[in-house]
Structures are given as structure tokens and as C-alpha cells.
> 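Attaching a single structure in C-alpha cells format; questions to follow.
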Amino acid sequence: QVQLVESGGGLVQFGGSLRLSCAASGSILRIYTMAWYRQAPGKQRELVAAITTGGITNYADSVKGRFTISRDNAKNTMFLQMNSLKPEDTAVYSCNAYIVTINEGSKNYWGKGTLVTVSS
């Protein structure tokens, strides 16, 4: 069974930094695009950043220049370096990945999320 587990969330002050991690485990053959999504209270979930296996990245306009997505394909891990954090970045951040597995075919997987709170 494949699992995605996020870590690194927490409380940070305005202008601070956090680094999120997402580790994939299980019967994995290959991981294609990985992405970070976030959902703030009362709002819809939105894409924050995505990265392909080859390292091509895509960012939401609201985080460009402040957030950096990266991945370690050998360790099935993805990261999100978040700098210059603002209160409007407060949300639950979830990891998403399209994974080819040994037993379950290919599909999208989600982590349970990690809470990021930015105080003003």
C-alpha cells in the first residue's frame, strides 16, 4: 500500500520560513508529477506548486519568487521551501503524486496534510 506522509508544518511569524517534506513509501515502481496543494479555512483547495520527474516546475502566481519545490527521485521525496511567509499562506498543505505501483496500477495519491500557520 502506497502512503504519502507530509512533515515540516508549524507556526511561524510573518516573513519567516518553513520547509515541508513529503515522503512516498510502499510498492512503488515510479512516481510521475508530484505537487503541493493547500486549503485555507473556508476556501477551496488550490495548487501551490508542481514538479515533474525531470524537474520541470510550475507555481501559483501567489507564491512565485517565495516558494521553491524540489524532489529527490532516489528517495521518493518532495520538498517545499517556503520563504517570506505571509498570513494568507496559512493553510493545510497536502502532497499529491501520480504513482505507478506494483499491486494497484497507476493513480493519484494524497497525503493527509500538514498545517502551516503564519502569524502577523
Side-chain angles (χ1 to χ4, degrees):
Q1 186 176 0
V2 173
Q3 283 190 317
L4 297 179
V5 179
E6 302 95 338
S7 61
L11 175 64
V12 64
Q13 289 188 332
F14 177 85
S17 298
L18 282 175
R19 180 177 169 87
L20 304 183
S21 299
C22 170
S25 63
S27 303
I28 296 170
L29 289 175
R30 184 167 184 173
I31 303 177
Y32 287 95
T33 297
M34 302 184 80
W36 288 99
Y37 285 78
R38 69 184 180 186
Q39 186 167 21
K43 295 188 177 181
Q44 288 188 329
R45 184 168 59 193
E46 62 173 351
L47 175 67
V48 176
I51 184 167
T52 67
T53 306
I56 297 173
T57 60
N58 181 45
Y59 295 93
D61 288 342
S62 59
V63 306
K64 281 181 182 176
R66 300 188 298 122
F67 290 11
T68 302
I69 189 171
S70 60
R71 63 190 286 174
D72 183 336
N73 291 329
K75 296 182 179 180
N76 291 337
T77 304
M78 174 178 64
F79 307 96
L80 186 68
Q81 178 66 43
M82 305 186 295
N83 298 328
S84 303
L85 283 161
K86 307 174 182 179
E88 50 263 44
D89 294 318
T90 294
V92 174
Y93 286 70
S94 299
C95 171
N96 172 271
Y98 190 78
I99 300 175
V100 181
T101 71
I102 294 174
N103 301 319
E104 300 177 16
S106 306
K107 65 178 183 179
N108 261 316
Y109 290 86
W110 288 91
K112 293 183 177 180
T114 185
L115 177 63
V116 172
T117 303
V118 184
S119 63
S120 57

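Keep in mind the model is a prediction, meaning the values are calculated, not measured.
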> About how many Å separate NZ of Lys86 and CZ of Phe14, when rounded to the nearest 0.5 Å?
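Here the rounded value is 7.0 Å.
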> Determine whether Asp89 and Met82 satisfy the following criterion, side chain to side chain contact (heavy atoms under 4.5 Å, CB included), listing intermediate values before the conclusion.
CA-CA 9 Å; Asp89 294 318; Met82 305 186 295; over 6 Å; no
> Looking only at heavy atoms, which two atoms of Ala97 and Met34 are closest? And how far apart?
CB-CG, 4.0 Å
> Specify the closest pair of heavy atoms between Lys64 and Tyr59, including all atoms of both residues, with the distance to one decimal.
CE-O, 3.4 Å
> Which heavy atom in Leu80 sits nearest to a heavy atom in Ala49, and how many Å separate them?
CD1-CB, 4.4 Å
> Considering residues, nucleotides and ligands other than Glu88, do more than 12 of their heavy atoms fall under 6.0 Å from its CD?
yes
> First locate atom OG of Ser25, then atom NZ of Lys75, and finally report the distance between them rounded to the nearest 0.5 Å.
15.0 Å
> Tell me whether Gln3 at atom CD has more than 12 heavy atoms from other residues, nucleotides or ligands lying less than 6.0 Å away.
no
> If hydrophobic clusters are built from ILVMFWY residues whose side chains come within less than 4.5 Å, do Val63 and Val92 share one?
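No, Val63 does not connect to Val92 through the hydrophobic network.
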> Taking all atoms of both residues into account, what is the closest heavy-atom pair of Ser120 and Pro87, and its distance?
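Minimum heavy-atom separation between Ser120 and Pro87: CB-CG, 3.8 Å.
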> Before you tell me yes or no, could you show the steps for Thr68 and Phe79 under side chain to side chain contact (heavy atoms under 4.5 Å, CB included), namely the whole-Å CA-CA distance, both residues' side-chain angles and the distance that decides it to 0.1 Å?
CA-CA 8 Å; Thr68 302; Phe79 307 96; over 6 Å; no
> Not counting sequence neighbours, list each pair that qualifies as a disulfide bond (SG atoms under 2.5 Å apart) and has a residue in residues 15-101.
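Qualifying pairs: Cys22-Cys95.
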> More than 12 foreign heavy atoms under 6.0 Å from CD1 of Ile56: is that the case here?
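Count not over threshold, so no.
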> Roughly how far, to the nearest 0.5 Å, is OH of Tyr32 from OG1 of Thr52?
12.0 Å
> What are the two closest heavy atoms between Tyr37 and Trp110, and how far apart are they?
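So the two residues come closest at CD1-CH2, 3.5 Å.
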> Give me the other members of the hydrophobic cluster that Val5 sits in, counting Ile, Leu, Val, Met, Phe, Trp and Tyr linked by side-chain heavy atoms under 4.5 Å, directly or via other members.
none
> Determine, using the 4.5 Å side-chain heavy-atom cutoff (strictly less than), whether Leu4 and Ile28 are members of one ILVMFWY cluster.
yes
> With heavy-atom distances below 4.5 Å as the criterion, would you say the side chains of Asn58 and Leu47 are in contact?
yes
> So which heavy atom on Leu29 is nearest to which on Thr101, and how close?
CD1-O, 3.7 Å
> Working note: Leu20 + Val116, criterion side chain to side chain contact (heavy atoms under 4.5 Å, CB included); need CA distance, chi angles, decisive distance, verdict.
CA-CA 9 Å; Leu20 304 183; Val116 172; 4.1 Å; yes
> Sub-3.5 Å donor-acceptor pair from the side chain of Asn73 to the main-chain atoms of Thr53, do we have one?
yes
> Tell me if a side-chain donor or acceptor on Arg66 pairs with a main-chain N or O of Ser84 at a distance below 3.5 Å.
yes
> Please round to the nearest 0.5 Å and tell me the distance separating atom CD of Glu6 and atom CG of Leu115.
11.5 Å
> To the nearest 0.5 Å, how far apart are CZ in Arg38 and CD in Glu46?
4.5 Å
> For the side chain of Arg71 and the backbone of Gly54, is there at least one donor-acceptor N/O pair under 3.5 Å apart?
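Side chain of Arg71 to backbone of Gly54, a donor-acceptor pair under 3.5 Å: no, none is there.
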> How many angstroms lie between atom OH of Tyr93 and atom OG of Ser7, to the nearest 0.5 angstrom?
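It comes to 15.0 Å.
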